[in-house]
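A short worksheet on the structure shown next.
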Amino acid sequence: MERRMLEAARKGNVHELEDLISRNELILEEMDLEGTGHTPLHVACVAGHLDFVRELLKHMPKLAEKVNADGFSPLHIAAARGDVKIARELLTVKSHLCPVKGRERRIALHYATANGKVDVMKVLLAASPESVEDTTAREETVLHLAVKNNRFDAVVVLVDHLKQHKKEQVINWKDHKGNTALHLAVAGKNFEVVNFLLCKHVVESEVVEVNAVNESGLTPLDVSTPSQREAGDREITEILIRAGAKHGKGRSNSPTSSPVLADDNDFEGGNSHQAAWEEPVKDAPHSSPGSQSKNSNAEKESFGDIRNALLVVAALIASATYQSVLQPPKIIEVDDDELVPFWKSMTGAGFVYSLFLGGNTLGFMVSVQMIICLTRFVPNHARLPLKLPLRLSLVAMILTYFSFASSVLFTKMSKTSSNKKALHMIPLMISFLLLLMQKWLARLIDYFLERLVGLHLLGDMYRLEDKDSENKDLEKKGKSKGCK
């Protein structure tokens, strides 16, 4: 019968409810004694069946006070869903439900505010004006939650309510990290809220503490991060300065330091234990930690793109140099019987071939080394599960490269003495010597290339700037000159 009762609540079947109660008048009391806390009233509130809620409350009004295992009372659910009619019905039967606390000491007004249900907020504030002062386990007021979840309409309603009931000082209350609503608005780059609190004169100018200090010793001005790319940041900073904001003693001069203003969960719908029936918060602002994580993710993605590009280039070089030694240029076939002696033909084909073999080998080894280094710090179980086979194949390719290069030399030098054969191996030995000196050699080449580029012989042929953005900058400069 209990299962039938819950199914009736889900469907809003009042006739089924009456039939079950007629068969067992104590069915609601028996379900209440089970101690789970999740009553048919909770189910009916989630489904939004007003008639079923009314019928249940007639038979057992105390169900309205029950808090389920997830920390939600029926009023919490109605408030989070924005169901004004059910919220009024519950308050009509039990007018003292507004202060009922659920998980993390949240009341119904907290859920309505976090989800931006302004109409329900007005009903709850009218029923319990003092509930605006209730705080969560993190010492957050409803104003904190409204700012964190980017609910500007809720901020307006709350500030108006505080003015009417002479509770303006609640605006300056701090959460468990010492942040006021202004701290959070600035950290979330919420220009609308900052402008509303400091410029719209909705409250007396001296009411909002623009120099309130949090636990890190930071004022709202310290939290602001002006950037040349984001005009909103500059506007927020200008508003703060006009309102008399100053830097705090805890301000850090390090460009990488930033305050930890809020828990990550605080910016996800205002509730880390969000139920399935709650509406997701899509427009929630991001605090400084959220911005840092995004920046770090962007940096990681950028690094990954660069690494992938370098891997492609290194693979192309390795492929080209490997193919060159397999199909050497015709210059190697100077004599049908043997190669031109290396020490006798330094200005002829022998010298050219020595340069070819030495340079080709150096390029091949450096490209293979690049591939090994670029795949070195990738975990085997993560993005590159075949790292070990890759290294095995690289070693095998190196062996085949030198085996073939050596076999060509020794085949052509079959009739020469061992000393002459050793001299013909000089190009390979030179390539290994250059490989050991690659760090200084690369810096030297880079130095001369930079000097060559500095001569501007090619003009803007290889310039990679966006012409459209350049034209826009010129237009802005022209307009600014015109204004002056």
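Quick caveat: nothing in here was measured; it's all calculated off a predicted structure.
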Exercise. Do His38 side-chain atoms and Asp70 backbone N/O form a donor-acceptor pair below 3.5 Å?
Worked result: no
Exercise. Which pair of non-hydrogen atoms, one from Lys148 and one from Leu184, has the smallest distance, and what is that distance?
Worked result: CE-CD1, 3.4 Å
Enumerate donor-acceptor pairs with a distance under 3.5 Å from any side-chain N or O in residues 434-444 to protein atoms, sequence neighbours excluded.
residue : atom : partner : partner atom : Å
Gln438  : NE2  : Gln369  : OE1          : 2.8
Gln438  : NE2  : Leu435  : O            : 3.1

Problem set entry | Full working for side-chain contact (heavy atoms from CB on, under 4.5 Å) between Phe196 and Val159 | CA-CA 10 Å; Phe196 176 74; Val159 172; 3.8 Å; yes
For this session: Give, for atom CG of Leu218 and atom NE2 of His247, the distance between the pair rounded to the nearest 0.5 Å.
Result: 10.5 Å
Problem set entry | Contact check, side chains of His183 and Asp175, non-hydrogen atoms, under 4.5 Å | no
Problem set entry | Distance-minimising heavy-atom pair for Leu182 and Val208 | CD2-CG1, 4.1 Å
Problem set entry | Derivation and outcome, side-chain contact (heavy atoms from CB on, under 4.5 Å), residues Leu310 and Ile306 | CA-CA 6 Å; Leu310 290 175; Ile306 294 173; 4.1 Å; yes
Exercise. Could you give the distance from OH (Tyr111) to CG (Leu124), rounded to the nearest 0.5 Å?
Worked result: 13.0 Å
Exercise. Who pairs with Tyr322 by side chain to side chain donor-acceptor pair (under 3.5 Å), at least two apart in sequence or on another chain?
Worked result: Thr400
For this session: Could you go through the side-chain contact (heavy atoms from CB on, under 4.5 Å) check for Tyr401 and Met365 one step at a time?
Result: CA-CA 10 Å; Tyr401 179 95; Met365 292 302 297; over 6 Å; no
Problem set entry | Distance in Å, His76 NE2 paired with Asn68 CG, rounded so as to fall on 0.5 Å steps | 10.0 Å
Problem set entry | side-chain contact (heavy atoms from CB on, under 4.5 Å) partner of Leu109, the single match among Asp134, Val120, Leu75, Val142 | Val142
Exercise. Can you name the nearest heavy-atom pair linking Cys199 to Ile239, along with the distance?
Worked result: SG-CG2, 3.5 Å
For this session: Search all heavy atoms of Lys174 against all heavy atoms of Thr180 and return the closest pair with its distance.
Result: CG-CG2, 3.8 Å
Exercise. Side chains of Arg151 and Val118: does their closest heavy-atom pair fall under 4.5 Å?
Worked result: no
For this session: Output the distance between atom CG (Leu374) and atom CD1 (Ile371), rounded to the nearest 0.5 Å.
Result: 8.0 Å
For this session: With rounding to the nearest 0.5 Å, note down the distance linking CG in Leu311 to SG in Cys373.
Result: 10.5 Å
Exercise. Out of Glu139, Glu140, Arg138, which one pairs with Thr136 under the side-chain hydrogen bond (donor to acceptor under 3.5 Å, both in side chains) rule?
Worked result: Glu140
Exercise. Counting N and O atoms only, with roles assigned by atom type, does the side chain of Asn172 sit under 3.5 Å from a partner on the main chain of Val207, one being a donor and the other an acceptor?
Worked result: yes
Exercise. Can you tell me if Asn149 uses its side chain to pair, donor with acceptor, with the backbone of Leu145 under 3.5 Å?
Worked result: yes
Exercise. Have His110 and Thr113 got a donor and an acceptor in their side chains that come within less than 3.5 Å?
Worked result: no
For this session: Using a 4.5 Å cut-off on heavy atoms from C-beta on, say whether the side chain of Asn214 contacts that of Lys177.
Result: no
Seminar exercise, completed: In terms of heavy-atom contacts, Leu221 and Ala245 come closest through CD2-O, 3.7 Å
For this session: Please check if the side chain of Asn115 supplies one atom and the backbone of Arg81 the other of a donor-acceptor pair under 3.5 Å.
Result: no
For this session: Could you grab the distance from atom CZ of Arg451 to atom CG of Asp446, nearest 0.5 Å is fine?
Result: 9.5 Å
Exercise. Are the side chain of Thr361 and the backbone of Leu357 linked by a donor-acceptor contact shorter than 3.5 Å?
Worked result: yes
Problem set entry | Stepwise side-chain contact (heavy atoms from CB on, under 4.5 Å) check, Ser324 with Phe356 | CA-CA 9 Å; Ser324 295; Phe356 161 76; 4.1 Å; yes
For this session: Might you point out which heavy atoms bring His42 and Phe72 nearest each other, and give the distance in Å?
Result: NE2-O, 2.9 Å
Exercise. Does Thr219 offer a backbone N or O that forms a donor-acceptor pair with the side chain of Asp222 under 3.5 Å?
Worked result: yes
Problem set entry | Carboxylate-amine/guanidinium proximity below 4.0 Å for Glu7 and Arg3 | no
